[in-house]
Amino acid sequence: MSRKQKKMLIRIIIAAVLMVGLNFVPAEGAVRFLLYLVPYFVIGYDILIKALKGIRNRQVFDENFLMAVATVGALVLAVTGDGDYTEAIAVMLFYQVGEWFQSYAVGKSRRNISELMDIRPDYANVERDGKLERIDPDEVETGSVIVVQPGEKVPIDGVIVSGQSSLNTSALTGESLPRDAKEGDEIISGCINMTGVLKIRTTKEFGESTVSKILDLVENASSRKSKSEDFISRFARVYTPAVCCSALALALLPPLIRMFGMGLDAQWSTWLYRALTFLVISCPCALVISIPLSFFAGIGGASREGVLVKGSNYLENLSKTDCIVFDKTGTLTRGVFEVNAIHHSTMEDERLIEYAALAESASSHPISKSLQNAYGREIDRTRVKDIQEISGNGVTAKVDGREVAVGNTKLMRRLGVTYMDCHQPGTIIHMAVDGEYAGHIVISDVIKPGAKEAVAALKKAGIRKTVMLTGDAGAVGEQVASELGIDEVHCELLPGDKVAKVEELLKQKSPKSKLAFAGDGINDAPVLSRADIGIAMGAMGSDAAIEAADVVLMDDDPMKIAKAIRISSKCIRIVHENIVFALGIKFICLILGAVGIANMWLAIFADVGVMIIAVLNAIRALFVSKL
Ligand code: ADP
Ligand code: MG
């Protein structure tokens, strides 16, 4: 509990005790009035001040104004003998109880989320003269060596230069199994080192490291508003003035009609009381607070599962998704290719691989990384010049002064090199040296474990259509798609073709539903931003992809897409429940109040009760059931 919340709690208790106690004090008239003013001001002074400020700033109609008018009105009625003081104070008291509860709940869920995201490292260890020194992670330069001891968080992304350990990545990925890491492995910041001492050569600055990026994303997520939230703020702007005018009409019209129209007694105080009750009932706080809170909780629940959603609007769109388009390499397959065979080579096989690895030395494509792995030795960058990457084709470079081209049949045709077809299944990497065909390398990728289940889980979560787009050759694409149970596949696409295909699919779908694209961002960043929702693989994906995407999966597991969709559906369901529930109860109470059945007590109970239930319901979005 914060200091402010404690103070409020004390005010609530004092006012409640005084309110009840004063019933037993035998004071009359003005003395009684003055005595009751004490608990009234204790509990309500800040509301009155806020209401006055609102009037001065010409933003009259808000909850504070409603409460001030209602309670002052009730006091006036009590003075004239038609009402009772306790009621006036109770309205203010319960309103404050509701406000207190709400600030407590919001504070709690915010804290919950930051605890869940407890990944911000406070320091980094560097070794100086044989001693460990703790320094601010911001001050560590790229390429320096940091030491992470067991139990500490990895502060900056890097590569392990010595030591081995198991890592707890649960804060990042939601995955509870520890992951082993050894010398030479890449390591991302935010995981916790569990067993051994690790020395890490940093590859990024702190500000560019995974952990900083994630925290930025989460902290900024609530600034992108969903349609439901927009609806509520627009609604409140019209609603509150409308209610105030109705209350005024309720206080004036019936008595006037009775007096002049029917010649009866005006019953001013009865109608004033009803109008005040109407005002109390109409306070829209349950809606105003519970909708953003639901989204906030939904985003928090998702991040605990290793799914970063960059804004409530994306969470809302995710729940409307009925078509998902996948990239193949790195998204559904691991993107780690193994060399299966080398055919028609005009030189020694090792030489061919060496040329391939050197030419690929600057590329971040999974194929390039795999060829470099197959080469297995340190790359001497001085041997390579004039590297050019042609996306969806391959690369060309000068290696030891010779023109080397590494890529698919498109690249060979482009360079006018006659190539040999290959009948072995797999991705075929053709090579040309000095404009002459030099053979091809057959490599193959494996489907990610769980990818098939992920596609099935998506179907179960209500996705109507799954599509795979790939730049790879037809045979490979068709095979992967049929193995995974994907509905539609398009192969041999250049990055631009992928955009065109997605645009085509966008046109086909019904206007209300949304289309999501999931990719690793290598060659597909434009598609990520073109789709209604872009989902990027965070761990392997490029930085550009993480920037361009709306949703980032921390551990590249396609199953998380189904999870994200289920989280979003649950969150939206809660939002709708709250809207219907809060407005429904409001509406019923308003009618009861207008015809005089509901009194002010019922009104305040209805308001606070609805709010508490709505807030509790919103917090449910934080918890996601296991698949
Ligand atoms: P995907 O859609 O499967 O992710 P890409 O669009 O990234 O595929 O690439 C399509 C094809 O282009 C690859 O299958 C490969 O044949 C070729 N290619 C792209 N980049 C490279 C590269 N750096 N080296 C060799 N081949 C490449
Ligand atoms: Mg790709």
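As the structure is a computational prediction, the values presented were derived from the model and not from experiment. Whatever order the structure lists ligands and atoms in, that order sets their numbers, starting from 1.
The side-chain contact (heavy atoms from CB on, under 4.5 Å) search around M347 returns S345, R351, L352, Y355, V433, A438, not counting sequence neighbours. With sequence neighbours left out, the ring-ring contact (aromatic ring centres under 6.0 Å, His included) criterion links Y437 to H430.
What you find for I572 and E316 is that their closest heavy atoms are CD1-CA, 3.7 Å. Between A457 and M559, the closest heavy-atom pair is CB-SD, 3.8 Å.
K509 places a side-chain N or O within donor-acceptor distance of the main-chain N or O of S513, the cut-off being under 3.5 Å.
Counting only non-hydrogen atoms, the option in E360, K328, H430 that gets closest to atom 25 (C) of ligand 1 is E360. Considering each of G394, S368, G330, S391, the one bringing a non-hydrogen atom nearest atom 21 (C) of ligand 1 is G394.
Each of the atoms 5 (P), 7 (O), 9 (O), 19 (C), 20 (N), 23 (N) of ligand 1 lies under 4.0 Å from some heavy atom of H365. Remark: ligand 1 atoms within the under-4.0 Å shell around heavy atoms of E389 are 23 (N). Residue-ligand proximity, T470 to ligand 1, at heavy-atom distances under 4.0 Å covers atoms 1 (P), 2 (O), 3 (O). For ligand 1, the atoms sitting less than 4.0 Å from at least one non-hydrogen atom of N393 are 12 (O), 17 (C), 18 (N), 26 (N), 27 (C), numbered in the order shown with element in parentheses.
At least one N or O atom of G471, backbone or side chain, sits closer than 3.5 Å to an N or O atom of ligand 1. Here's the thing with I367: none of its N/O atoms is less than 3.5 angstrom from an N/O atom of ligand 1. Looking at ligand 1, you'll find an N or O of D327 within less than 3.5 Å of one of its N or O atoms.
E152 has its side chain out of reach of N193: every pair of non-hydrogen atoms, C-beta onward, lies at least 4.5 Å apart. Side-chain contact between K398 and E403: present, with at least one pair of heavy atoms (C-beta onward) separated by less than 4.5 Å.
Ligand 1 lies less than 4.0 angstrom from a heavy atom belonging to K498.
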